[in-house]
Amino acid sequence: MPQETARLYTIGWLTFVAFNGALALMRRRELALFQGSYLRFLCRPWKLVIFGVAAIGFMLIAPYTGDPTWDWVDAGFMSALTFLTAPWVVGVLVRITRRQLSAWQASPAVALWLLSASWLYDVYVWNRDDLYPPTWASNLVASSVLYACAGLLWSLDLNPSGKVTFAFLQAAWLNGPSVPTSRVLWLWAAGFVVFVVAMMSPFLVELYERLH
């Protein structure tokens, strides 16, 4: 992307993010993102375990994958932001399509999605290398897929009858009763992990070749 185009693009998304940040703060009482129930929802042990392993893994392999735009810093903050925001963003967007939430919430949700999966990465690499990352478009696509996958993974839940579902499909969403984790839920979670590993396979192959 030419530098002048990159500047205009960055001004555009900064404006979009600032607008939605102000909107979210003004109407924070209506957003589950700012409620204690969402923090409790995220802090279930199995979610923290998967996040910890994934974040540390991404940070360790990032400098050795052959991708010059990827280092332990952007791997770390993208992992953290994904964990903190993706379950809420995916849940909001699905519940809007089911007419369970007001449509205006889609705007801050999309802003958080793009900020976490793409825009902070772009500006970090641009500041570090003095060059807007040539991988911005491919990263936007790939990271968005991973972001959506993470939102689904950390939204896995059990309904009162013990069947695996997504929390955002239940009426209570974040305020439902705490149901103990089951082996079936872990199997579902493993499926999402395998999908992520498959997406990362080119980087893992590059890492293997470098080490051997």
Side-chain angles (χ1 to χ4, degrees), residues 24 31-65 67 69-95 108-121 124 139-158 164-170 172-204 207:
L31 298 176
L33 180 68
F34 296 104
Q35 308 306 317
S37 56
Y38 181 64
L39 181 61
R40 291 190 293 273
F41 176 78
L42 283 183
C43 288
R44 293 178 183 172
W46 71 269
K47 297 179 185 182
L48 294 173
V49 168
I50 294 177
F51 164 65
V53 172
I56 292 171
F58 282 133
M59 292 171 70
L60 288 176
I61 70 172
Y64 306 104
T65 57
D67 183 347
T69 68
W70 205 25
D71 60 23
W72 71 270
V73 178
D74 50 15
F77 69 67
M78 290 176 78
S79 297
L81 283 171
T82 297
F83 176 68
L84 292 172
T85 67
W88 177 77
V89 168
V90 172
V92 163
L93 296 178
V94 171
R95 288 175 76 84
V110 169
L112 263 182
W113 182 319
L114 294 174
L115 188 69
S116 303
S118 177
W119 291 335
L120 282 181
Y121 159 88
Y124 169 74
N139 173 73
L140 174 60
V141 175
S143 291
S144 288
V145 173
L146 291 173
Y147 188 89
C149 181
L152 293 172
L153 164 62
W154 286 312
S155 292
L156 286 172
D157 205 355
L158 298 175
V164 177
T165 185
F166 294 109
F168 51 73
L169 296 179
Q170 301 193 73
W173 190 16
L174 304 174
N175 295 303
S178 180
V179 180
T181 305
S182 73
R183 183 179 301 176
V184 177
L185 189 146
W186 276 107
L187 289 174
W188 274 76
F192 282 101
V193 172
V194 168
F195 176 78
V196 171
V197 171
M199 282 197 65
M200 299 298 297
S201 59
F203 297 109
L204 297 176
L207 176 63

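All residue numbers in this chain count up from 1 along the given sequence. Just so you know, these numbers come straight off a predicted model, no measurement behind them. Basis for what follows: all heavy atoms, side chains included, without hydrogens, waters or symmetry-related copies.
Side-chain contact between Leu169 and Val94 is present, with at least one heavy-atom pair separated by less than 4.5 Å. Contact check for Leu156 versus Trp46: side-chain heavy atoms found under the 4.5 Å cut-off.
Checked against ring pair (Phe, Tyr, Trp, His ring centres under 6.0 Å), Trp70 has the following partners two or more places apart in sequence or in another chain: Phe203. Annotation: side chain to side chain donor-acceptor pair (under 3.5 Å) contacts of Trp113 (sequence neighbours excluded): Ser144. Take Trp119 and apply the side chain to side chain donor-acceptor pair (under 3.5 Å) test, not counting sequence neighbours, and it matches Tyr9. Partners of Gln170 under the side-chain contact (heavy atoms from CB on, under 4.5 Å) rule, at least two apart in sequence or in another chain, are Asp157, Asn159, Pro160, Thr165. Scored by the side chain to side chain donor-acceptor pair (under 3.5 Å) test, Tyr121 finds Thr69, Thr135 as partners (sequence neighbours excluded). For Asp74, there are no side chain to side chain donor-acceptor pair (under 3.5 Å) partners two or more places apart in sequence or in a different chain. Shown here are the side-chain contact (heavy atoms from CB on, under 4.5 Å) partners of Val73, two or more places apart in sequence or in another chain: Asp71, Phe77, Tyr124.
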Passes side-chain contact (heavy atoms from CB on, under 4.5 Å), Phe195 versus Leu153? Steps please. CA-CA 11 Å; Phe195 176 78; Leu153 164 62; over 6 Å; no
Can you list the steps and then say if Leu152 with Trp188 is a side-chain contact (heavy atoms from CB on, under 4.5 Å)? CA-CA 10 Å; Leu152 293 172; Trp188 274 76; over 6 Å; no
Decide side-chain contact (heavy atoms from CB on, under 4.5 Å) for Leu146 and Thr82; before the verdict, give the C-alpha distance in whole Å, the side-chain angles of both, and the deciding distance to 0.1 Å. CA-CA 9 Å; Leu146 291 173; Thr82 297; over 6 Å; no
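In this structure, Leu174 and Ala32 approach most closely via the heavy-atom pair CD1-CB, 3.4 Å. For the residue pair Ala109 and Leu93, the shortest heavy atom distance occurs at CB-CD2, 4.2 Å.
Among residue pairs with one or both ends in residues 146-155, those qualifying as side chain to side chain donor-acceptor pair (under 3.5 Å) are Thr85-Tyr147; sequence neighbours excluded.
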Under 3.5 Å, side-chain donor or acceptor atoms of residues 50-60 against the rest of the protein: list the pairs with distances, not counting sequence neighbours.
none

Show me the donor-acceptor pairs, under 3.5 Å and distance only, between side chains in residues 33-42 and residues at least two apart or in other chains.
{"residue": "Gln35", "atom": "NE2", "partner": "Arg28", "partner atom": "O", "Å": "3.3"}
{"residue": "Gln35", "atom": "NE2", "partner": "Leu31", "partner atom": "O", "Å": "3.2"}
{"residue": "Tyr38", "atom": "OH", "partner": "Leu84", "partner atom": "O", "Å": "2.7"}
{"residue": "Tyr38", "atom": "OH", "partner": "Trp88", "partner atom": "N", "Å": "3.2"}

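Crowding of Trp72 atom CH2: a count of heavy atoms from other residues, nucleotides or ligands under 6.0 Å not exceeding 12.
Separating the CG atom in Leu185 from the CG atom in Leu158 is a distance of 5.0 Å, to the nearest 0.5 Å.
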